[in-house]
There are 2 protein chains.
Amino acid sequence: MDTRTRALDLGRHYLQTLGFNGFSFQTVADALGIRKASLHYYFASKEDLGMALIEEYQKSYADWAVKREHLSAEEKMEQLIQMFVKIGADHKICPGGVLCADFGSVSNPMKKKLLQFHLGQKAWLVRTLKQGIQEKTFRKNLPVEETADLIQASIQGGLQVARIRGEMKSFKTLGKTLIQNLKA
Amino acid sequence: MDTRTRALDLGRHYLQTLGFNGFSFQTVADALGIRKASLHYYFASKEDLGMALIEEYQKSYADWAVKREHLSAEEKMEQLIQMFVKIGADHKICPGGVLCADFGSVSNPMKKKLLQFHLGQKAWLVRTLKQGIQEKTFRKNLPVEETADLIQASIQGGLQVARIRGEMKSFKTLGKTLIQNLKA
DNA sequence: GTCTATAGCGGGATAGAC
DNA sequence: GTCTATCCCGCTATAGAC
């Protein structure tokens with residue numbers, strides 16, 4: 001794996017465990033086994049790295065979604081929860097949640113990109129809920145916008161809560177409840 | 001108002017807008033109009049300030065709850081949502097959420113105190129839900145633990161989402177949905 | 001592409017005068 | 001209680017050698 005890719009992987013790790021203000025170029029460089037000056041060869045600035053990280057998240061998420069396009073809405077939702085369970089099991093929180101919390105201390109371009117990422121995720125949720133209604137597995141009268149907002153907020157908050165509690169049981173239960181509430 | 005109290009108020013403000021790693025003693029001292037060295041007279045270290053801030057939150061929240069002890073469970077829940085709407089309208093997020101996100105880069109004593117604060121809020125929710133069941137305004141078969149977890153997570157996440165979106169409408173809707181789901 | 005070296009700043013924290 | 005002065009550290013970032 002090339003250095004840039006490894007740097008991005010490490011960046012993701014530190015971002016999701018320590019927050020954007022909680023790690024430095026030094027942290028990443030040390031883990032890479034190179035000098036922090038060398039890291040500037042790949043990323044002109046820390047903001048640059050931050051922007052690249054959000055782009056990475058967007059790409060991974062898009063890939064993830066494409067691979068699951070053939071699934072039923074119910075299966076999609078279950079795998080979505082499963083994905084966040086894995087993140088939580090790794091003592092991480094979701095990228096959207098980290099950057100939301102650091103939102104006030106981040107540059108305008110990053111704010112903009114973060115909003116874009118966030119709205120992309122919401123759009124996927126809305127589409128999937130509509131799919132489930134068509135498939136008649138989800139309630140016909142499901143308010144899709146509001147439900148998508150509730151799911152997004154509770155997953156984000158739920159992962160944060162799970163991390164401070166040091167257990168994932170409550171998050172798994174939350175996931176089950178969310179999906180149960182969709183059903184016809 | 002004495003300097004220590006003013007410092008705590010400012011600390012709360014910066015914590016909830018910038019995150020714990022997003023502000024410094026300098027930030028607070030500047031806003032106070034004193035030198036940062038003088039701030040060390042009140043708080044030996046930044047961690048000390050952090051601990052004091054969590055204690056402040058615990059106290060305010062306890063006061064808030066005591067003043068509302070005579071209310072019905074439904075009124076309590078409505079006022080709780082209202083409190084968070086005010087926080088969001090001020091471009092802030094909830095203290096629990098901030099510190100949850102910064103959790104990985106914070107000292108062990110702060111982690112412990114944060115967990116304590118968090119569990120205290122959950123305990124209040126559980127008590128209030130039970131009250132509502134007794135009052136027959138909330139569903140008899142409401143799973144109190146799980147519901148408390150869902151409310152806590154979605155409020156926390158919802159405020160963060162509202163801030164990046166720059167609007168509180170979705171949060172208000174979320175609040176209404178949460179309360180509606182409790183009702184008999 | 002990676003290095004050494006260094007600039008320049010801001011952070012947390014302390015000593016000691018007033 | 002608040003100040004000045006200072007320390008040491010870690011951060012971002014750049015210049016220039018290899």
Exercise for the section: Return the value, rounded to whole Å, for the distance between atom CG of A:Leu49 and atom C1' of D:dC11. Expected result: 14 Å
Problem - Atom-to-atom span, NZ of A:Lys46 to P of C:dG10 - whole angstrom - result: 16 Å
Fill in the blank from the handout: To the nearest 0.5 Å, atom CD of B:Gln58 lies from atom CG of B:Asp63 at 12.0 Å
Handout entry: Whole-Å distance separating the CG atom of B:Asn21 from the C1' atom of D:dC11
Key = 13 Å
Problem - Whole-Å distance separating the CG atom of A:Asp30 from the P atom of C:dC3 - result: 11 Å
Problem - Which atom of A:Phe171 lies closest to which atom of A:Ala162, heavy atoms considered - result: CB-CB, 4.2 Å
Problem - Test item: side-chain donor near acceptor, A:Asn21 and A:Ser105, under 3.5 Å - result: yes
Practice task
Consider the side chain of A:Gln26, meaning its heavy atoms from C-beta on, and name the nucleotide among D:dC11, D:dT14, D:dT4 that approaches it most closely.
Solution key: D:dC11
Exercise for the section: Take the protein atom CZ of B:Arg35 and the nucleotide atom P of D:dT6, then report the distance between them rounded to whole Å. Expected result: 15 Å
Exercise for the section: Would you tell me if any nitrogen or oxygen in the side chain of A:Ser38 comes within less than 4.0 Å of OP1 or OP2 on C:dC3? Expected result: yes
Completion exercise
Rounded to whole Å, NE2 of B:His40 lies from P of C:dG16 at a distance of 17 Å
Exercise for the section: Select one nucleotide: of D:dT2, C:dC3, C:dG11, the one nearest the side-chain heavy atoms of B:Ile34. Expected result: D:dT2
Problem - Given D:dG1, D:dA5, C:dC3, the nucleotide with the shortest approach to the side chain of A:Ala37 - result: C:dC3
Problem - Spacing between A:Asp2 atom CG and C:dG1 atom P, to the nearest angstrom - result: 9 Å
Practice task
Taking only the side-chain nitrogens and oxygens of B:Ser45, find out if one of them lies under 4.0 Å from OP1 or OP2 of C:dG12.
Solution key: no
Exercise for the section: Round to the nearest Å and state the distance from B:Tyr42 atom OH to D:dC3 atom C1'. Expected result: 13 Å
Problem - B:Thr3 vs D:dG1: side-chain N/O to OP1/OP2 distance below 4.0 Å - result: no
Problem - C:dG12 base / B:Lys36 side chain donor-acceptor hit below 3.5 Å - result: yes
Practice task
Could you tell me whether the phosphate oxygens of D:dG1, OP1 or OP2, come under 4.0 Å of any side-chain nitrogen or oxygen in B:Tyr41?
Solution key: yes
Problem - Between B:Gln16 and B:Tyr57: side-chain donor-acceptor atoms closer than 3.5 Å - result: yes
Practice task
May I ask you to check whether A:His13 and A:Phe23 place their ring centres under 6.0 Å from each other?
Solution key: no
